[in-house]
Structures are given as C-alpha cells and as structure tokens.
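Structure first, then comments.
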4 protein chains.
Amino acid sequence: MSVMTGGNRVSGGERGSGRRAELLSIAAEMFAVRGVAATTVREIADEAGILSGSLYHHFESKEAMVDEILRGYLSAQLERFRRVVEAGYEPYTTVGELIHESFAALHRHRWAMAILHNEAGRLAEFDRFGYIESANREFERIWVRVLRQGQRNGVFRAGLSPRLAHRFIRDSVSASVRWYNPSGRMSVRGIAEQYTRIFRDGMVAPGGE
Amino acid sequence: MSVMTGGNRVSGGERGSGRRAELLSIAAEMFAVRGVAATTVREIADEAGILSGSLYHHFESKEAMVDEILRGYLSAQLERFRRVVEAGYEPYTTVGELIHESFAALHRHRWAMAILHNEAGRLAEFDRFGYIESANREFERIWVRVLRQGQRNGVFRAGLSPRLAHRFIRDSVSASVRWYNPSGRMSVRGIAEQYTRIFRDGMVAPGGE
Amino acid sequence: MSVMTGGNRVSGGERGSGRRAELLSIAAEMFAVRGVAATTVREIADEAGILSGSLYHHFESKEAMVDEILRGYLSAQLERFRRVVEAGYEPYTTVGELIHESFAALHRHRWAMAILHNEAGRLAEFDRFGYIESANREFERIWVRVLRQGQRNGVFRAGLSPRLAHRFIRDSVSASVRWYNPSGRMSVRGIAEQYTRIFRDGMVAPGGE
Amino acid sequence: MSVMTGGNRVSGGERGSGRRAELLSIAAEMFAVRGVAATTVREIADEAGILSGSLYHHFESKEAMVDEILRGYLSAQLERFRRVVEAGYEPYTTVGELIHESFAALHRHRWAMAILHNEAGRLAEFDRFGYIESANREFERIWVRVLRQGQRNGVFRAGLSPRLAHRFIRDSVSASVRWYNPSGRMSVRGIAEQYTRIFRDGMVAPGGE
DNA sequence: AATGAATGAGTCTTCATTCAT
DNA sequence: GATGAATGAAGACTCATTCAT
C-alpha cells in the first residue's frame with residue numbers, strides 16, 4: 001500500500017457538485033494546453049461563464065484546482081497498475097499490459113497526464129504536491145520489479161538497467177501526450193502496440209542485425 | 001539547407017563581450033531549471049550581480065535571450081546530425097550514432113535542451129520561434145529517412161511506423177534532460193549505449209520470448 | 001435625557017429569537033478579538049454553523065451587527081453612570097463608584113467594550129455611529145462634573161484639569177479590556193480598587209515624598 | 001541588553017534614500033490615522049505621487065513598511081528609557097522622567113506610537129513582529145523595577161501592584177495619542193506634568209479626604 | 001555599462017452582499 | 001430560516017520594460 005490510496009476526495013466530500021467537476025474539467029484542459037502558470041484564473045472563469053472571484057466559491061485556490069486534478073489521475077492510475085501486477089501474468093505479458101494501461105490513460109486522463117508531464121518538476125517542489133513524487137516512486141517500483149523478474153527468468157536481456165529501461169518507456173509514453181491527437185488516424189491502441197513492440201522486441205528484425 | 005543556419009551567436013559567440021555570453025549562460029540555466037516564465041528578469045540580473053534594468057543594455061528583451069539560447073543549440077545540433085548522415089554508415093550504425101549525438105548534447109547544450117523540451121510547445125506559437133518547428137521537422141526527416149532505409153534493407157522490423165519510432169526515441173532522449181545528473185554515476189555514454197540497445201534490439205533476449 | 005435611550009435590542013433582547021442574540025454574541029467576540037474589519041461575515045457564519053448568506057436573514061449588514069452590539073453596551077452603561085450620580089454621594093465616593101461601574105462592565109459587556117476601545121475612532125466617522133461620540137460626551141460630562149465639584153469642595157487637588165483627569169482614568173480603564181483575563185487571578189473588583197487608589201490617592205505614600 | 005538594540009536598519013543599509021524615508025513618513029501617518037488594514041497601498045502611492053507598484057521598488061511589502069516604522073520607534077524609545085534609568089535618580093524623580101519621555105515621543109514618533117497603540121494586539125501574533133512583545137516586556141521591566149524600588153524606600157504606597165500601576169500609566173499615556181492635538185493649547189509638557197501629578201500624587205488634596 | 005526610480009498592465013485572491021430555490 | 005451559486009469591486013503584489021542620470 002502507499003500514498004495515493006484514498007484518492008480524489010473533493011474537499012467537502014464529493015458532494016453533488018456537477019458544477020465543481022465541470023469547472024475542474026475546464027481548468028484541466030486549459031492548464032494542459034497553456035500551462036498552469038500561463039492560465040489565469042480569469043480565463044478559466046471566462047470559459048465557465050462566471051466571474052473570476054466566483055471560482056473561489058468552489059475552490060480554495062488555483063493551486064487547489066491543480067491538486068485535485070492530479071490526485072484524481074494519479075490515484076486511479078496507480079490502482080490500475082496494481083491490478084495489472086496482481087493479475088500475475090508473465091513479465092513479458094505484464095510489460096505489454098502496463099504500456100497499454102499507460103496509453104489508455106491518454107483517453108481518461110489526458111489533461112492530467114499533460115499537466116503532470118509538463119509541470120511535475122516545478123510542482124514537486126511544493127510540499128502540497130509531495131504525493132507526485134511518491135506516486136512516481138511507486139510506478140517505478142512496479143516497473144522495475146517486473147523488468148527484473150523478466151531478466152531473472154531469462155526473458156529479458158541481461159545487462160540492461162531496469163531503472164533506465166523504466167525511464168525510457170515512461171518518458172516516451174508520457175511525452176506522447178504532447179503530440180497525441182484523439183481525432184487523428186492513429187488509435188491509442190495502435191500506438192500502444194507499436195511502442196510495446198519497439199520496447200520489448202526492438203527495432204531490429206529477428207536475425208536482422 | 002534549412003532553417004537554422006544563421007544565428008548561433010551563443011556557442012559561436014563572436015559579438016565581443018564575454019559578458020554577453022556570461023549573462024546568457026546564467027539565464028539559460030535559470031530558464032531550464034525554473035522555467036522561462038517563472039524566471040524573472042530581476043532574478044537573472046541578481047545572479048549576474050547587476051540591476052535588472054541593466055540587462056537591457058545587452059539584450060532587447062527576455063524573449064531575445066531565450067531566442068539566442070535556442071538558436072545556438074538547434075543550429076549546432078542540426079549540423080551534427082547532418083554530418084552523421086553524410087558519413088553514409090549503415091542504418092543500424094547510423095541509429096546508434098544519432099542516439100549518441102543526441103546524448104552528447106546533454107553535455108554541450110544541457111540548458112538549451114531542457115528549455116526546448118519544457119517549453120517548445122508554448123514557444124512555437126510565436127512567430128519569432130517558428131524556427132523551432134522547422135528544426136524539429138528537419139530532425140524528423142533525418143530520423144525517418146534512416147529508419148525507413150533500414151526497413152527496406154530488412155535490418156529493421158517491418159510494420160513499425162518510422163515516424164512513431166522516431167517520436168519514441170526522440171521523446172525518451174529529450175526527456176532524459178530532466179533526470180540526467182552530470183555528476184551521477186551513469187555517464188552520458190553509458191546511458192546512450194543502453195538506450196541504443198533497448199531501442200534497436202529491444203528488451204527481449206535473443207530467443208527469449 | 002440623551003442619546004442612547006432607545007435601542008438596546010441586545011441585552012434587552014426582546015425581538016424573539018434567541019438565535020439573534022446568539023449570533024450577535026458570536027459576532028461580538030470575534031469583532032473584539034480579531035477586529036471588525038478583519039472578521040469576515042463568513043467566519044461569523046462558520047462559527048454559527050450556517051452559511052454566510054444566511055446571516056442576512058437576521059441582520060441587514062455587518063455594520064448593523066456592530067451597531068446593535070455597541071448600542072446595547074452604551075445605553076446600559078450610561079444608565080448605570082446616571083444612577084451613580086443620582087445617588088448623590090460625595091465626589092470622593094462617586095469617583096470610586098464610577099471606576100467600579102466601569103470595571104463591572106468588563107464582565108457584562110466585555111466584547112462591546114473591546115470593540116469600542118479598538119474601533120471607536122474609525123467608526124465614529126460614519127453617521128450611523130454618531131451616537132458613539134454623543135455617549136462619550138455624556139460620559140465626560142458626568143466625570144468632569146464630579147471632579148470639578150470635588151475640587152470646589154477642596155477634596156481634590158486644585159490645578160488639575162478635570163478633563164485631562166477624566167481622560168487619564170477613562171483611557172486606563174478602557175484599555176484594560178485588552179489585557180484583562182477573566183480567569184486570571186486578579187479579580188475585576190481587585191483591579192478596580194487598585195486603580196481607584198492610584199487615581200484618587202496617588203502612588204506616593206502619605207508623607208512619602 | 002535586549003532585542004531592539006540594532007535598531008532601524010533599512011534593508012539595503014540606510015543608503016541615501018531620502019525617498020525611502022519620505023515614503024515611510026507618508027505611510028506612517030496614513031497607517032496611524034486610518035489604520036494599517038484600512039490604508040491601501042494605492043492610497044500611499046497616490047499620496048506620494050507614484051503608482052502603487054512603484055512602492056515595491058522601495059519596500060518588500062506593506063508589512064515591511066509597518067515593520068520599519070515600528071522598529072525605529074521602539075528601539076529609539078527603549079534607548080531613552082534605558083538612559084533615564086542609568087542616570088540613577090530617585091524613584092520619585094525617575095517616574096516623572098519616564099512619563100516625560102513617554103510624552104516626548106508624542107512629538108518624535110507620533111505615528112508610530114499611534115500604530116502601535118492601535119494595532120499591537122493584531123500585529124504581535126505574527127512572528128515578524130515578535131519584537132513588539134519583547135520591547136513591551138522590557139518597558140515593563142523598567143517600570144516595575146522603579147516602582148518596586150520606590151515601594152521599598154517607602155516613597156511609594158505599599159499594597160499597590162507595580163505591574164498594575166505600570167499598566168495604568170502605560171495605557172493612559174499611549175491612549176493619549178488618540179486625542180492629543182499638537183496644535184491644541186495643551187502642550188505635551190503640560191500634559192506630562194498633569195499626568196505625573198495625578199499618577200504620583202493622586203487626585204486627592206493633601207489632607208483632603 | 002550601469003543605476004535607481006518609475007510605469008502600467010496584469011495576477012491571484014478576498015469579501016460583503018444578493019437572490020433563486 | 002437556510003442553501004449554494006454568483007457578483008463586483010477592491011486589494012496586495014509582480015514583473016518586463018523604460019529612461020534620465
């Protein structure tokens with residue numbers, strides 16, 4: 001068990017608040033597209049059709065909005081990763097599943113992923129966002145365990161650093177949020193498959209080199 | 001010929017004034033570490049031991065500083081990529097060389113790389129920074145050409161999208177600027193080798209699966 | 001007769017609604033402790049367990065709450081002062097009684113006294129609170145009359161300005177609201193006695209100087 | 001020795017800055033007259049003939065302005081109190097001198113005194129203003145020592161609490177800042193003398209009661 | 001080359017108050 | 001009597017930039 005288990009509780013407890021979720025969704029997209037700092041509270045409010053001060057009826061601060069957005073994504077995604085691991089597949093399969101789950105988030109939590117990818121470094125310095133680092137460590141633990149197990153089994157090439165390999169795939173996947181176009185011709189599933197093949201099997205054709 | 005041929009005042013750095021280069025180097029690190037928007041002109045000046053107003057004797061604007069930093073990196077790096085291609089190696093070798101060149105920039109242009117990785121999206125919207133997109137397209141052209149050639153030769157696995165593969169490796173490499181620690185135990189060369197093996201040969205051991 | 005005869009909704013507190021008095025009491029303490037301006041309507045409401053908007057079912061405005069609190073204290077206290085005077089004691093005794101009455105208010109109207117001491121200057125500028133000045137003038141009239149009478153009788157030292165003496169004691173007493181601690185070991189009665197002795201008889205011991 | 005000894009160093013070290021002092025003086029009067037919270041940064045700037053943002057070229061924050069104003073007064077006044085004590089007069093005389101020094105500050109530090117009298121309670125809660133409490137404790141120590149010594153000598157009446165007596169005179173003096181009018185007919189010296197007589201000798205005429 | 005003072009537009013945030021439900 | 005959403009005006013503070021000296 002670890003940090004992000006409670007997950008996504010909305011201050012004041014989840015109460016009704018279609019409005020709250022609506023505002024959050026507007027904000028998430030803007031934060032992702034323009035950047036958190038570059039998105040003004042007024043712009044969010046404008047987009048929502050209210051005055052900027054009114055946002056503070058729903059959220060304590062701009063920071064609190066970011067917080068809520070990120071917590072939601074991280075806790076849900078950790079949950080999914082854990083479930084994959086608990087399913088007990090072979091490492092070879094697990095790696096594929098993890099990559100698929102990562103890309104699946106591109107649908108469900110697109111903006112949160114983008115925000116995280118773009119601003120994690122800056123945010124992580126604030127105590128408030130300490131959970132980001134914790135979550136990242138947990139993700140790493142999961143990946144490294146699987147890769148290492150695969151190496152022990154002889155399925156994965158020895159001599160490669162599992163931590164480095166994890167970073168390799170993690171960075172690729174998370175950066176994809178910048179260019180992925182949901183209405184483009186490449187489906188998330190398609191991208192995930194290609195990435196899995198490259199990562200797991202390499203560019204080189206069997207007997208190719 | 002292409003975009004980034006002119007400029008390059010930084011690394012080339014004629015234009016008298018070691019002072020200028022010094023200021024630019026201070027700014028580059030700060031832009032990279034804190035973000036361009038989050039770095040104030042005053043902070044740069046403080047770090048340089050002058051008053052913020054005095055910076056305007058050297059540069060037209062904050063934007064101009066960013067511009068100068070990025071141009072320097074992009075033109076130099078494009079130059080290196082072109083040289084690799086012109087050397088006329090086999091695609092298998094060329095891929096390794098490109099990855100090595102990419103990581104080598106981690107030494108020479110660390111801050112510029114970081115700035116570009118972090119803010120390219122935002123900056124590219126301004127006309128002034130149109131050359132960023134141009135340079136990126138040129139990088140892509142080079143990569144895609146090599147990968148496609150390798151596929152035709154049968155060295156690289158068919159059925160993989162070269163553009164996607166390019167993004168895969170590009171994003172991984174460029175994100176590494178965020179965690180790479182020049183004084184850590186992993187050398188740039190070591191990382192480049194591991195990344196090359198994963199990308200080219202995959203995680204799976206020969207006969208592994 | 002003078003100013004503060006009407007009003008007094010608070011202590012008298014007909015007007016149905018224990019709720020009203022309860023809210024007023026909550027507000028009074030907060031106004032006294034944090035300052036009127038620094039106490040937000042929302043904080044009062046929070047403390048009362050309702051939403052800020054709901055306060056407006058009971059009071060017209062925040063100002064109206066302050067008004068009601070102060071009127072209650074001033075009219076009651078003026079009444080008591082008048083009664084002391086009407087009792088027709090010697091000036092020497094009357095002074096003691098007035099000081100005692102002043103300190104007695106520390107029990108009954110602690111928060112109102114504090115508010116008045118802290119904010120009278122600011123409030124008095126508003127027409128609405130004109131009665132504060134009127135009440136203060138009435139208090140002064142009473143004090144000055146007694147002191148002057150004592151000087152004529154030869155009981156009180158000549159050559160002292162009654163108005164100045166009044167300010168002296170008034171300011172001391174009213175400032176005591178800031179440090180008086182109802183659960184401390186010094187009783188209100190004890191403080192009043194000491195103050196009376198200092199004011200009436202001075203620090204110097206008989207034959208001391 | 002105690003807290004407020006360094007005294008009044010202007011951030012950046014006292015450098016020139018007639019402007020700084022000028023702005024501070026404008027602010028001090030406004031803070032005193034309208035209250036710190038009720039005085040807006042813009043009003044101060046307007047009065048100074050600059051834009052509100054420009055104030056931040058000179059001071060870090062509104063709070064910093066208050067801080068500088070109060071430190072200046074407290075350190076100077078403590079110094080004067082210490083000098084009175086070190087002069088080694090009889091307690092009877094010392095009391096008179098302390099009262100005179102207190103009123104003398106009404107000329108030199110009128111606004112600081114007013115701010116302190118009005119807002120000390122609120123300010124003291126902030127760490128930044130911890131020195132206010134320290135200074136107040138030091139003032140009290142000085143007063144209590146003198147009064148107690150006088151009681152031991154038999155000059156001052158026994159049975160009176162020195163701490164209470166200190167509060168009595170302190171509160172009177174400091175509240176006088178609210179009604180003292182420099183252009184009125186009562187001189188500071190005159191008020192000080194009357195207060196000294198009341199406090200030391202009492203209202204009652206010798207053989208009066 | 002640099003200082004020091006100032007600008008002006010903009011940022012997040014606060015808060016008394018209103019009002020339909 | 002109360003809720004919950006919103007208003008609108010204002011407040012402290014930031015910052016790239018300008019410019020006379």
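Reminder, nothing fancy here: chain letters follow the sequence lines and each chain counts from 1. All figures in this text were calculated on a predicted structure; none of them were measured in a lab.
- With rounding to whole Å, A:Phe59 atom CZ is found 16 Å from E:dC12 atom C1'.
- Nucleotide F:dA16 holds its C1' atom 11 Å from the CZ atom of B:Phe31, rounded to whole Å.
- Contact annotation for C:Ser61: backbone-only contact, meaning every heavy-atom pair under 4.0 Å involves sugar-phosphate atoms and none involves a base.
- The CG atom of A:Leu70 lies 11.5 Å from the NE2 atom of A:His109; values are rounded to the nearest 0.5 Å.
- Taking side-chain N and O atoms only, D:His58 has a distance below 4.0 Å to OP1 or OP2 of E:dA6.
- Nearest-nucleotide assignment on DNA chain E puts the 5′-proximal partner with B:Leu55, out of A:Glu63 and B:Leu55.
- Between the P atom of F:dA20 and the CZ atom of D:Arg19 lies a distance of 18 Å, rounded to the nearest Å.
- Regarding C:Ile50, its CD1 atom lies at a distance of 17 Å from the C1' atom of F:dA5, rounded to whole Å.
- In this model, the phosphate group of E:dA5 is not approached by any side-chain N or O of D:Arg20 to a distance below 4.0 Å at OP1 or OP2.
- Looking at which nucleotide of DNA chain F each of C:His57 and B:Glu60 is closest to, the 5′-most match is held by C:His57.
- With a 3.5 Å ceiling on both atom-pair distances, E:dA1 lacks any Watson-Crick or G-U wobble partner.
- Atom name P, nucleotides E:dA1 and F:dT21: the rounded distance is 22 Å, in whole Å.
- Side-chain nitrogen and oxygen atoms of D:Arg42 include at least one within less than 4.0 Å of the OP1 or OP2 phosphate oxygen of F:dG11.
- Using cut-offs of 30° and 60° on the angle between ring planes, the pair B:His117 and A:His117 is perpendicular.
- The distance from atom CG of C:Asp46 to atom P of F:dG4 is 13 Å, rounded to the nearest whole Å.
- Salt bridge status for B:Asp67 with B:Arg71: present, with a side-chain N to carboxylate O gap under 4.0 Å.
- For D:Ser54, a side-chain nitrogen or oxygen approaches OP1 or OP2 of E:dT7 to under 4.0 Å.
- Salt-bridge annotation for D:Arg110 and D:Glu29: absent, with no side-chain N of the basic residue lying under 4.0 Å from a carboxylate O of the acidic one.
- A salt bridge is absent between B:Glu119 and B:Arg122: the closest approach of a Lys/Arg side-chain nitrogen to an acidic carboxylate oxygen does not fall below 4.0 angstrom.
- Checking D:Lys62 against B:Lys62, the closest nucleotide of DNA chain F that is more toward the 5' end is the one next to D:Lys62.
- In this structure, C:Tyr56 places its OH atom 13 Å from C1' of F:dT7, rounding to the nearest Å.
- Rounded to an integer number of Å, the gap from C:Leu51 CG to E:dT17 C1' is 14 Å.
- For C:Arg178, the CZ atom is densely surrounded, since the number of other residues' heavy atoms within 6.0 Å is greater than 12.
- Across all strands shown, F:dA9 forms a Watson-Crick or G-U wobble pair with E:dT14, both key distances being under 3.5 Å.
- Counting to the nearest Å, the P atom of E:dT14 and the CD1 atom of C:Ile44 are 17 Å from each other.
- For A:Ala37 and B:Ser52, each mapped to the nucleotide of DNA chain E holding its nearest heavy atom, the one lying further toward the 5' end belongs to B:Ser52.
- Using Watson-Crick or G-U wobble geometry with both donor-acceptor distances under 3.5 Å, E:dT21 finds its partner in F:dA2.
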